[in-house]
Amino acid sequence: MTAIGARSVTALVLLASTTAALWVTGIFREDYWAQLDPWVPFLAGGFAVLGSTLVFTFWRLVDRSEYYFRIGDRLPWLPEIALVGSRHRALIVGHAAHTEVRDLSPVVQRAIYVAIFFGLGLVAVTNRAVALLRDVPAVFAASERDLCSEPKPPPVETKTPPGCKLVIRAFELGFTKSLGSCAPKAAEQKIEDVCRKRQRDEPYLHYAWRRLDTRVDDLATLGSGPGVVDRVAAQIDHVAALADSAADSVAMHPRSSHHLFTNLPDPHAALGDRVHATLEHGCGARLAHLTHFPRMADTPAGAGKLLEHVIDQLLFNPAYKPVVAQCGETIIHWAAPADACTRLTARPREFLAATEALEPVTQLIAWRARKAELARLHVRELAAPPPADRIVSFQCLMFGDGDAPPSEHAITLDGERLHVRDTRMAPITGDGQSQVRLYKRLAALLAESFSYGRLTSNESVGARPDDTAMAAAFRDPSLLLTKLDLLRDADLFIGSAWLAERNDVLEVYPYHLHLENFIAIFRRQYALHRGRL
Amino acid sequence: MTRSLAIAALAGAAVASAGRPARGDAPSPGLEQRVAYIAGLLEAIETTDRAELVNTSNYLYAIERNKCQAPVESLHVSCVAEAAARNCLSHQGAARERCQRASDVIAANRLSEKAFVPEDVRYEIMDKHRDYRPALERELYHRYAIVVAELVMSPHFPGSAAARPALAAGIESYCRELSGTRSLAWQYCVAAVVWFIGTGGGRS
């Protein structure tokens with residue numbers, strides 16, 4: 001039974017691995033050695049001697065191995081483990097303190113470890129490393145930048161003062177002993193700021209202590225404000241607000257809460273839609289594929305989906321700038337009663353509780369109150385939070401008989417005055433004009449004082465082509481592509497009724513031109529009235 | 001006339017076989033007419049003599065840059081359309097129709113320059129090249145090639161061996177989808193693709 005000592009096996013395996021690594025990294029190549037800085041093998045050699053000595057000493061390589069490897073039957077009386085192989089012929093590792101195992105001599109083992117560490121050193125130390133090491137003293141040395149500049153002697157006035165030429169000449173010729181007021185003067189020395197960097201003759205420890213002292217002083221006072229002790233004392237009374245505010249920020253709670261009540265049925269009432277909505281994190285995926293002007297599906301959910309699409313476009317679509325709202329913070333309450341806003345105005349708390357809108361609203365108002373409290377403390381650079389009616393709002397859009405412009409009411413909730421805006425519009429159908437109506441009605445509802453007209457449109461202001469002429473131009477099919485450019489001056493949002501009868505033209509209408517402009521103007525107006533905490 | 005009817009019939013068949021409306025499930029209004037028109041445009045660009053295309057392009061370029069300049073966009077466009085139509089009056093019958101279609105593509109491409117080459121790129125080209133027009137044409141062609149590459153990789157592309165009406169149907173639906181989701185007008189997309197494919201698709 002021949003057993004080989006674990007120390008020898010380990011040394012040989014490590015040597016083989018290191019050799020393979022060196023081979024793979026190309027260190028055995030001749031051209032590598034040709035370009036190598038002589039300092040590299042020198043440093044690697046030093047590292048090898050140091051590393052191998054440490055290993056040799058701490059692993060006690062001078063002793064024989066207590067663990068061993070062998071091939072054969074496992075001996076039941078010895079603590080042996082069969083690693084691989086069959087029952088009668090397996091690779092076995094065992095432990096026997098005094099068993100005679102074959103081991104490489106200590107000198108050979110030491111040589112192997114020197115070789116291993118030399119190899120590792122060659123991998124780790126390169127020409128670049130040597131160059132960097134050479135630069136170390138320069139890096140640690142104090143640069144000119146870190147030191148105060150040398151005091152400069154005041155520059156001597158070299159210009160001859162007016163009227164002094166003769167006096168100077170007389171002085172030079174010895175006719176006078178003094179130059180008097182014509183004597184060269186040292187220029188006035190400018191008063192410079194005290195240099196707080198390291199003085200040229202200042203010991204490093206003194207400089208370090210001075211820096212530390214300054215930092216401690218800075219901590220104790222914040223500009224001209226109160227000291228750290230005073231500040232902490234003031235904050236202790238508001239610990240709860242501080243903690244809650246931090247928790248709100250970390251938990252990424254909604255920073256606004258806008259609610260739209262509509263009597264349209266929920267377009268996602270099906271189980272599959274609900275599961276999909278639950279699984280959807282954010283609305284990025286949905287918004288990435290928004291079409292400009294989709295046709296309304298001819299299903300009961302079609303109107304609801306179109307309403308959702310228009311809200312996405314107006315408020316959230318990142319293709320238009322600026323983005324003025326977050327999709328999770330504007331909630332549509334489907335199938336709301338037609339008199340939702342009347343009920344909301346009459347009994348706000350009860351109505352909101354019934355529609356599950358109370359909790360998000362009150363939480364947000366409480367967060368805002370905490371922010372206001374912290375802003376008064378001046379603990380951080382916190383500005384006063386926006387008014388509550390900017391971050392919380394209620395709108396009702398009811399579809400039914402006739403149109404009615406938005407009317408505004410006010411409610412008070414948790415001491416905050418909030419706006420409720422209510423409007424009605426005729427039912428929407430699958431035609432393009434319905435969608436345009438919906439855009440205009442929603443824009444007027446969501447942004448107070450929103451208006452869109454000829455002056456704000458992309459249409460040419462000066463000479464808008466006559467509708468009849470435009471309609472006539474499109475009756476002739478020739479030069480269709482060129483003529484479609486005329487639609488730049490046919491903004492659906494401010495008229496162009498002839499287009500309503502030309503579904504074929506609407507199919508290729510440049511919605512992006514006018515829609516983008518409409519949304520940009522809406523968002524500018526919306527941002528004046530609504531925002532986030 | 002007979003050829004137009006044949007194209008229209010083939011286009012109808014292509015639309016029916018494609019059966020893939022870009023938006024919604026209902027068929028797109030005017031789809032057959034648009035597909036037939038695009039097939040006609042393709043045929044016009046492919047069959048018109050290269051020298052004639054260049055002449056028409058130069059003529060419309062000069063007209064658009066000089067006589068048709070107007071502060072109102074509709075006046076500008078109407079003027080270009082009128083010039084394109086007038087330029088084809090010397091032809092008769094089918095040749096006039098073909099000339100009008102080729103002119104339509106060229107005029108639409110002329111009008112779409114700003115959409116394809118943004119102002120800053122245009123200035124850069126003008127700054128770098130003494131005779132900037134060929135450089136601008138190359139840049140436009142490069143950008144048309146990108147649109148065509150997207151079409152080829154899209155599900156709208158009927159295959160390289162497809163007949164002209166099927167290709168026209170693919171161009172129509174692809175450009176409708178593109179204009180419905182991005183800021184490129186349908187007619188600009190169609191004109192770019194038709195010009196690129198019709199003039200040899202980078203082979204020339």
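Every chain is numbered from 1 and lettered A, B, ... according to where its sequence line falls, protein lines coming before strand lines.
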### Among B:Pro71, B:Ala81, B:Gly30, B:Ser78, residue most engaged with chain A (heavy-atom pairs, under 4.5 Å)
B:Ala81
## Note on the structure
Max heavy-atom pairs within cutoff under 4.5 Å with chain B, candidates A:His512, A:Met296, A:Lys483, goes to A:His512
#### Entry: Crowding at CG, A:Asp298 (>12 non-hydrogen neighbours, <6.0 Å)
no
### Message
Counting neighbours of CG on B:Asp120 that are heavy atoms of other residues, nucleotides or ligands and sit closer than 6.0 Å, is the number greater than 12?
### Response
yes
### Message
Does any backbone or side-chain atom of A:Leu484 lie under 4.5 Å from a heavy atom of chain B? Answer side chain, backbone, both or neither.
### Response
both
### Query
Do B:Ser179 and A:Val508 come within less than 4.5 Å of each other through their side chains, counting heavy atoms only?
no
### Task
Check the side chains of A:Glu516 and A:His292 for a donor-acceptor pair under 3.5 angstrom, ignoring hydrogens and angles.
no
### Task
Mark yes or no: A:Arg523 above the aromatic ring of A:Phe518, with NZ or CZ under 6.0 Å from the six-membered ring centre and no more than 45 degrees from the axis.
no
### Query
Who wins among A:Leu481, A:Leu487, A:Asp504 for the most heavy-atom pairs under 4.5 Å with chain B?
A:Leu481
### Stepwise ring-ring contact (aromatic ring centres under 6.0 Å, His included) test for A:Trp498 and A:Phe474
CA-CA 10 Å; A:Trp498 65 275; A:Phe474 280 94; 5.6 Å; yes
### Summary
Answer key: most heavy-atom pairs under 4.5 Å with chain A among B:Ser183, B:Ala185, B:Cys175 is B:Ser183
### Query
With the threshold set at 4.0 Å, does a side-chain nitrogen-carboxylate oxygen contact exist between B:Glu46 and B:Arg164?
yes
#### Entry: side-chain hydrogen bond (donor to acceptor under 3.5 Å, both in side chains) assessment of B:Glu97 paired with B:His91
CA-CA 8 Å; B:Glu97 198 178 327; B:His91 299 280; over 6 Å; no
### Query
Under 4.5 Å, heavy atom to heavy atom, which residues of residues 106-115 of chain B contact chain A?
B:Ala107, B:Ala108, B:Leu111
